[in-house]
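Below is one structure, written out as structure tokens; the observations come after it.
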Amino acid sequence: MEERRSFFSNTDSAVEIPCGFFKEFPLAQADRLAMEGCRGVVVASAILNDHDKIRQPKGLGSHTVKAACFFMFIDDRTHRVLASHGILKDEHAASASAVVGAWRVVTLQQEQLPYEDPAMNGVVVKHLLHRLFPNARFSVWVDAKMQLTVDPLLLVHSLLLGKGVDMAVSRHPFNLHAMEEAIATARWRKWRDVDAVRAQMEAYCGNGLQPWSPGKLPYPSDVPDTAIIMRRHGSASDLFSCLLFNELEAFNPRDQLAFAYVRDQMSPRVSINMFEVEVLEHISVEYRHNLKRDNGGGGGGVSRMASSRDIAGSSCEGYLMKMWGEPSE
């Protein structure tokens, strides 16, 4: 953790920062060249472990289809299911990319992916778009459960360029503090290892994580909804993405837990337009994931509620007292 923290202050551009995978990511040469040739706006999504369906963006202008790049990354298992429905060719053609509607569908070979966990492989695409598309100026990440209903070029202009920021993302509809999201993650088993989530938050509290307060403005919340992320590729957003990815690799792919910890402690600061959740509802439609007996990240069931005895002596005791508005001794 200390090694990861040593990169939070990036005052020397000559210092190399660990930032995930690129050469090791299993891309066909034709796909890699197409990705390197994307020089404007890239719109990207991913379906791994047959977790979602391909959803076509709506409201695209005729210029957008030509000016923007649309890439959908899938794995072998997803390819087989899509091929069985006649959406893609059979698995013997899995090494070749295909075009489905607006999307260029890129199949990643399962045995060559860097992680056993499909969610972590999705994190590579979600948070390292500036590396996968090194010449793109802007990116719009869209979770596969979401369907865009507004032209992505309009979103970049209105929510990113129009606000003069490095990134744009919706704030969470319910949770304000990172610890609220961690409690929800544990209670509803959004991640299978609850003890690891607790250890993660203990580590963050011990290294300076504080609950949200007006002193954190202009950031209006510590918890985003990262289903759609818009980025202006540049030093600030690239650094944030790399630092965040490193935390996800160290702990788990629940990016909402590490978001405020990285954002508040990195230097130089990243400017973020955390827009109201109503905006997200106007620019997209959310669908359910494909139902699974084992959903991968979750463990099922509900954890017990924490009691005051659980936090006595914890590195997060002060954080929780501030969050609950109670005086600490």
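Small disclaimer: the values here were computed from a predicted structure and weren't measured.
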Residues, nucleotides or ligands: over 12 heavy atoms within 6.0 Å of K163 NZ: no

Is F174 linked to V279 within one hydrophobic cluster, defined over Ile, Leu, Val, Met, Phe, Trp and Tyr using a side-chain heavy-atom separation of less than 4.5 Å? no

Side chain proximity check, N10 to L243, heavy atoms < 4.5 angstrom: no

Which distance, rounded to the nearest 0.5 Å, do you find between the CZ of R254 and the CZ of F259? 14.5 Å

No-hydrogen, no-angle side-chain donor-acceptor test under 3.5 Å, S314 and E202: yes

Less than 4.5 Å apart, side chain to side chain, heavy atoms only: is that true for V165 and R232? no

Can a side-chain donor-acceptor contact be found between N252 and Q200 if the only test is distance below 3.5 angstrom? yes

Under 3.5 Å donor-acceptor, D166 side chain and S237 backbone: no

Check the hydrophobic clustering (I, L, V, M, F, W, Y; side-chain heavy atoms under 4.5 Å; chains of links allowed) and say if L248 and F8 are grouped together. yes

If the test is side-chain contact (heavy atoms from CB on, under 4.5 Å), which one of H127, R269, M266, R231 qualifies with F240? M266

Do E249 and R4 sit within salt-bridge range, that is, some charged N less than 4.0 Å from a carboxylate O? no

Y115 atom OH, neighbour heavy-atom count above 12 within 6.0 Å: yes

Strictly by modelled atom types, are W141 and D143 linked by a side-chain donor-acceptor pair under 3.5 Å? yes

Can you find a heavy atom in the side chain of W191 that is under 4.5 Å from one in the side chain of P253? yes

Search all heavy atoms of P57 against all heavy atoms of W103 and return the closest pair with its distance. CD-NE1, 3.5 Å

Side chains of S139 and H233: do they bring a donor and an acceptor to under 3.5 Å? yes

Could you tell me if the side chain of V197 sits less than 4.5 Å from the side chain of F251, heavy atoms only? no

So how far is it from S84 OG to H79 NE2, rounded to the nearest 0.5 Å? 11.0 Å

Show your working on side-chain contact (heavy atoms from CB on, under 4.5 Å) between N207 and E2 and close with a plain yes or no. CA-CA 10 Å; N207 284 279; E2 287 306 312; 3.6 Å; yes

Side chains of T78 and D75, donor plus acceptor under 3.5 Å: yes

Any side-chain heavy-atom pair from W324 and P211 closer than 4.5 angstrom? no

Please tell me whether L257 and M323 are part of a single hydrophobic cluster in this structure, the criterion being side-chain heavy atoms less than 4.5 Å apart. yes

For P220 against L176, the heavy-atom pair lying closest together: O-CD1, 3.5 Å

Could you walk me through whether H130 and C19 pass the side-chain contact (heavy atoms from CB on, under 4.5 Å) check? CA-CA 10 Å; H130 66 286; C19 194; 3.9 Å; yes

Could you check whether T226 and K126, counting side-chain N and O atoms only, form a donor-acceptor pair closer than 3.5 Å? yes

Going by atom types alone, do R77 and H51 pair a side-chain donor with an acceptor below 3.5 Å? no

Is any NZ, NE, NH1 or NH2 atom of the basic residue among D31 and R104 found under 4.0 Å from an Asp or Glu carboxylate oxygen of the other? yes

Are any side-chain N or O atoms of R171 and backbone N or O atoms of V277, one a donor and one an acceptor, separated by less than 3.5 Å? no

Do I283 and L161 sit in one hydrophobic cluster, given that two such residues count as connected whenever their side-chain heavy atoms are within less than 4.5 Å of each other, even indirectly? yes

Check: S315 side chain, C205 main-chain N or O, donor-acceptor pair, under 3.5 Å: no

Which heavy atom of F275 sits nearest to which heavy atom of A168, and what is that distance? CE2-C, 3.9 Å

Should the ring pair Y261 and Y204 be called parallel, tilted or perpendicular, given that the plane angle runs from 0 to 90° and is split at 30 and 60? parallel

What residue among K145, K53, Q147 forms side-chain hydrogen bond (donor to acceptor under 3.5 Å, both in side chains) with Y287? Q147

With distance as the sole test, does D225 use its side chain to make a donor-acceptor pair with the main-chain N or O of S170 at under 3.5 Å? no

Does D151 reach the main-chain N or O of G61 with its side chain, forming a donor-acceptor pair under 3.5 Å? yes

Under the side-chain contact (heavy atoms from CB on, under 4.5 Å) criterion, do I17 and D238 qualify, and how do the steps go? CA-CA 10 Å; I17 298 175; D238 293 356; over 6 Å; no

Are any of the side-chain heavy atoms of E111 and D76 separated by less than 4.5 Å? yes

Hey, what do you get for CG (L27) to CE (M35), rounding to the nearest 0.5 Å? 4.5 Å

What heavy-atom pair brings D222 and K216 nearest, and what distance separates the two atoms? OD2-NZ, 2.7 Å

Which atom names give the shortest non-hydrogen contact between A46 and A144, and what distance separates them? O-CB, 3.3 Å

Take atom CD in E16; do more than 12 heavy atoms of anything else shown fall under 6.0 Å from it? no

How close do C316 and M201 get, heavy atom to heavy atom, and via which atoms? SG-O, 3.2 Å

In Å and rounded to the nearest 0.5 Å, what is the CE to NE2 distance from M274 to H172? 10.5 Å

When rounded to the nearest 0.5 angstrom, what distance separates CG in L132 from SG in C38? 11.5 Å

Side-chain contact, heavy-atom cut-off 4.5 Å: H177 with V223? no

Can you confirm whether R263 sits close enough to I272 that some side-chain heavy atom of one is under 4.5 Å from a side-chain heavy atom of the other? yes

Taking a hydrophobic cluster as the set of Ile, Leu, Val, Met, Phe, Trp and Tyr residues connected by side-chain heavy atoms closer than 4.5 Å, whether directly or through intermediates, do L48 and L129 fall within one such cluster? no

Does W212 use its side chain to pair, donor to acceptor, with the backbone of A260 at less than 3.5 Å? no

Just verifying a value: how many Å separate Q110 CD and E116 CD, rounded to the nearest 0.5 Å? 10.0 Å

Test log, rule side-chain contact (heavy atoms from CB on, under 4.5 Å), inputs L108 and N121: CA-CA 10 Å; L108 306 171; N121 290 318; over 6 Å; no

